[in-house]
Amino acid sequence: MSTKSNEILVTSHVSRDFEQSAAYFNTYEKVVWEYVSNSLDGAKDNQQVIVTVEVTRKKITVLDNGRGMSRGELSGFFQMHGENLHRQRGKATRGKFGTGKSAAFGVANRLTIDTVQNGLRNQVQLTRNDIKSANDGGAFPVTHLVSDERTDKIDGTEVTVSAFAGRSKPNVEKISRYVTRFLGRFRGRAQVRINGITCEFKEPAHEVLAEVFPPQHLQRHLGKVKLIIKKSQVPLQKELQGIDILSKGILHETTLVGIEDGEQAEYIFGEVDVPILEDGEWHIPPFDNTRSLQLNDQNPVVARLKGWLTQQLKDVHAQLVQEAEDKRRSEQAKRLRREAKRIRDILNDDFVEQELKLERARRATDSAGVKAVADTQGDDGLLPGEGEIPTDQQQAGNEHGEGNGGSEVGEGETPRPGPSLIGGEDKGRKTGQKEGRQRRRRGVFSLDYENASQEEARSRFDPESKTIWINLDHLQIAQALERSKGKTTGMQFREMSYEVAAVEYSLALEHVRVENDEANDPEDSLYNVRETIDRITRRLFSALSK
């Protein structure tokens with residue numbers, strides 16, 4: 001057909017197009033997967049395809065037992081932007097824009113294809129020099145090494161990528177992980193071995209959180225697709241996180257649509273297969289030929305799909321975050337109770353000692369050699385009275401009465417001491433064996449944590465229950481917990497808890513003394529508080545270091 005001389009035509013520079021397409025395959029992993037996926041797509045019907053990959057420092061070879069290619073199909077394979085051969089036969093495959101033949105040149109300078117179909121072997125080769133030599137922008141030839149040679153070899157294709165262009169060398173482990181990631185849709189129908197190791201796709205152990213369909217108004221655009229959202233039992237690697245968006249089993253994107261950095265996001269995965277992405281026709285396509293695994297958000301179906309996914313994942317994510325918070329609070333509460341008990345035991349041990357000192361002071365008498373019952377016991381831990389074990393002491397003096405003051409029972413303000421001990425042979429019992437006046441009094445202080453808001457004091461003392469409350473929301477304590485990475489067993493948090501407990505206990509102990517009229521002088525109270533803080537912090541932090 002003739003054209004007018006003044007017409008402006010859209011043309012293409014073939015070699016530059018070819019190199020531009022090759023640039024998308026900028027890693028060895030992408031190159032290997034491109035040719036492995038070609039092999040998987042070229043499998044014979046009702047036959048498991050076996051793909052063997054060999055990776056060395058000098059070359060990569062991908063061999064399969066698929067249909068192979070005839071000489072004519074080879075010609076179609078090398079057509080830029082031509083229709084995929086398997087698609088021509090009505091098979092849903094990954095390749096759509098016909099750019100896969102350029103993949104090798106993303107990392108190397110030579111591509112060799114050796115293929116057999118129906119007893120005929122063809123081998124061709126293309127180099128980077130061949131591509132660059134076509135500087136006029138026209139088509140360039142592929143070198144034929146073998147043409148329709150008769151052979152007894154089974155059908156299949158061997159692709160060799162060699163003469164690597166960069167300084168880096170292939171990493172077999174990274175290639176294996178990348179290929180395995182995409183094998184999910186070929187489960188049971190394919191076997192891929194890389195350097196002798198079978199790549200096995202194993203779906204993480206999980207629970208299904210949701211199986212949902214779009215509402216009716218979206219089904220008109222998306223079809224009646226089913227979204228499956230799952231939660232892994234363990235955190236997933238980055239490339240495994242998110243919802244796989246497929247179309248006829250072909251992966252086009254994996255996404256968490258905005259919650260990537262959220263708590264619990266590393267546990268979420270799943271899939272949704274949207275056939276219309278492959279079948280539909282739009283001015284703005286849903287995906288391109290870059291193999292970027294990114295859908296085009298400007299496509300109307302993709303936009304609606306992702307809007308729906310966003311809402312579904314936000315709901316599931318919020319549920320997971322709440323469950324994690326509830327569990328964390330439950331576990332944290334248990335750890336806080338254990339920590340509170342450790343502190344409480346130390347405080348009460350100290351309180352018992354201080355209480356005994358007060359008892360001794362109250363019961364001290366001026367009589368030489370006479371001691372209060374609660375102040376003295378034999379070397380063997382025995383007290384005389386109400387027992388059957390012989391002791392070397394006996395009780396003396398009047399029983400402790402209800403009165404106060406004086407040598408006789410009567411009104412007064414000074415508590416009257418009870419029976420005292422003198423030498424003798426009364427039978428007795430071990431201290432603390434029986435409830436009664438001789439038994440030591442137990443400490444009664446308690447300690448607990450609470451969320452009392454940032455505005456409240458960092459701690460408080462409830463004199464009625466003798467409970468010390470530590471405010472977890474106080475800025476100082478909250479920051480200590482944050483520095484401990486949220487763990488109540490962290491050293492910064494424990495140190496802060498012990499310091500707060502020591503100060504509050506010292507004030508509370510003085511409160512008890514004042515309440516019992518045992519400390520009325522302000523200077524004595526200040527001295528007592530300072531002395532208690534010093535004493536109890538030594539005990540607390542000694543326990544902390546064990």
Would Tyr267 and His206 count as a side-chain contact (heavy atoms from CB on, under 4.5 Å) here? Give the steps.
CA-CA 9 Å; Tyr267 291 89; His206 66 275; over 6 Å; no
Which donor-acceptor pairs under 3.5 Å do the side chains of residues 466-474 make with protein atoms, sequence neighbours left out?
unit_1, atom_1, unit_2, atom_2, d
Thr467, OG1, Ser465, O, 3.4
Thr467, OG1, Ser465, OG, 2.9
Asn471, OD1, Ala452, N, 2.9
Asn471, OD1, Asp473, N, 3.0
Asn471, ND2, Ser453, O, 2.8
Asn471, ND2, Ala457, O, 3.2
Asp473, OD1, Asn451, ND2, 3.0
Asp473, OD2, Ala452, N, 3.4
Asp473, OD2, Ser453, N, 3.0
His474, ND1, Gln476, N, 3.2

Within a radius of less than 6.0 Å around [atom1] of [X], do more than 12 heavy atoms belonging to other residues, nucleotides or ligands occur?
X	atom1	answer
Glu482	CD	no
Ile197	CD1	no
Arg335	CZ	yes
Phe213	CZ	yes
Lys169	NZ	yes

Between [X] and [Y], is there a side-chain N and carboxylate O pair less than 4.0 Å apart?
X	Y	value
Glu173	Arg177	yes
Arg530	Asp534	no
Arg513	Glu510	yes

Heavy-atom closest contact ([X] atom, [Y] atom, distance):
X	Y	result
Ala502	Ile533	O-CG1, 4.4 Å
Val55	Pro170	CG1-CB, 3.4 Å
Leu295	Glu253	N-OE1, 2.7 Å
Phe25	Val107	O-CG1, 3.9 Å
Ala265	Leu256	O-CD1, 4.0 Å
Ala501	Ile343	CB-CG2, 3.6 Å

Show the numbers, then the answer: is there a ring pair (Phe, Tyr, Trp, His ring centres under 6.0 Å) between Tyr28 and Phe164?
CA-CA 10 Å; Tyr28 291 105; Phe164 297 140; 5.1 Å; yes
Check the pair Gln311, Asp315 against side chain to side chain donor-acceptor pair (under 3.5 Å), reporting the backbone distance first and the verdict last.
CA-CA 6 Å; Gln311 186 56 57; Asp315 291 345; 3.0 Å; yes
Tell me, with the steps shown, if His317 and Lys314 meet side-chain contact (heavy atoms from CB on, under 4.5 Å).
-> CA-CA 5 Å; His317 180 242; Lys314 279 187 175 180; 5.6 Å; no
Practice task
Please step through side-chain contact (heavy atoms from CB on, under 4.5 Å) for the pair Leu222 and Val301, ending with a clear verdict.
Solution key: CA-CA 7 Å; Leu222 306 179; Val301 170; 3.7 Å; yes
Sole candidate of Glu450, Glu504, Glu499 that passes salt bridge (Lys or Arg N to Asp or Glu O under 4.0 Å) when paired with Arg458: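 Filter result, single survivor: Glu499.
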Problem - Non-neighbouring partners of Tyr498 that pass side-chain hydrogen bond (donor to acceptor under 3.5 Å, both in side chains), sequence neighbours left out - result: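 Tyr498 satisfies side-chain hydrogen bond (donor to acceptor under 3.5 Å, both in side chains) with Glu339, Arg494 once adjacent residues are dropped.
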Let's go through Arg181 and Asp244 carefully: what are the C-alpha distance in whole Å and the side-chain angles of both, what is the deciding distance for salt bridge (Lys or Arg N to Asp or Glu O under 4.0 Å) to 0.1 Å, and is it a yes or a no?
CA-CA 11 Å; Arg181 166 71 181 88; Asp244 289 343; 2.8 Å; yes
Please report the interatomic distance NZ(Lys248) to CG(Leu246), rounded to the nearest 0.5 Å.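 Reported to 0.5 Å precision, the distance equals 13.5 Å.
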*For Glu495 and Arg483, what are the C-alpha separation, side-chain angles and deciding distance, and is it a salt bridge (Lys or Arg N to Asp or Glu O under 4.0 Å)?*
CA-CA 12 Å; Glu495 286 179 348; Arg483 288 195 298 271; over 6 Å; no
For residues 229-240, which side-chain N or O atoms pair as donor and acceptor with protein atoms under 3.5 Å away, sequence neighbours left out?
unit_1, atom_1, unit_2, atom_2, d
Lys230, NZ, Glu203, OE2, 2.6
Lys230, NZ, Glu271, OE1, 3.4
Lys230, NZ, Glu271, OE2, 3.4
Ser232, OG, Val234, N, 3.1
Ser232, OG, Val234, O, 2.6

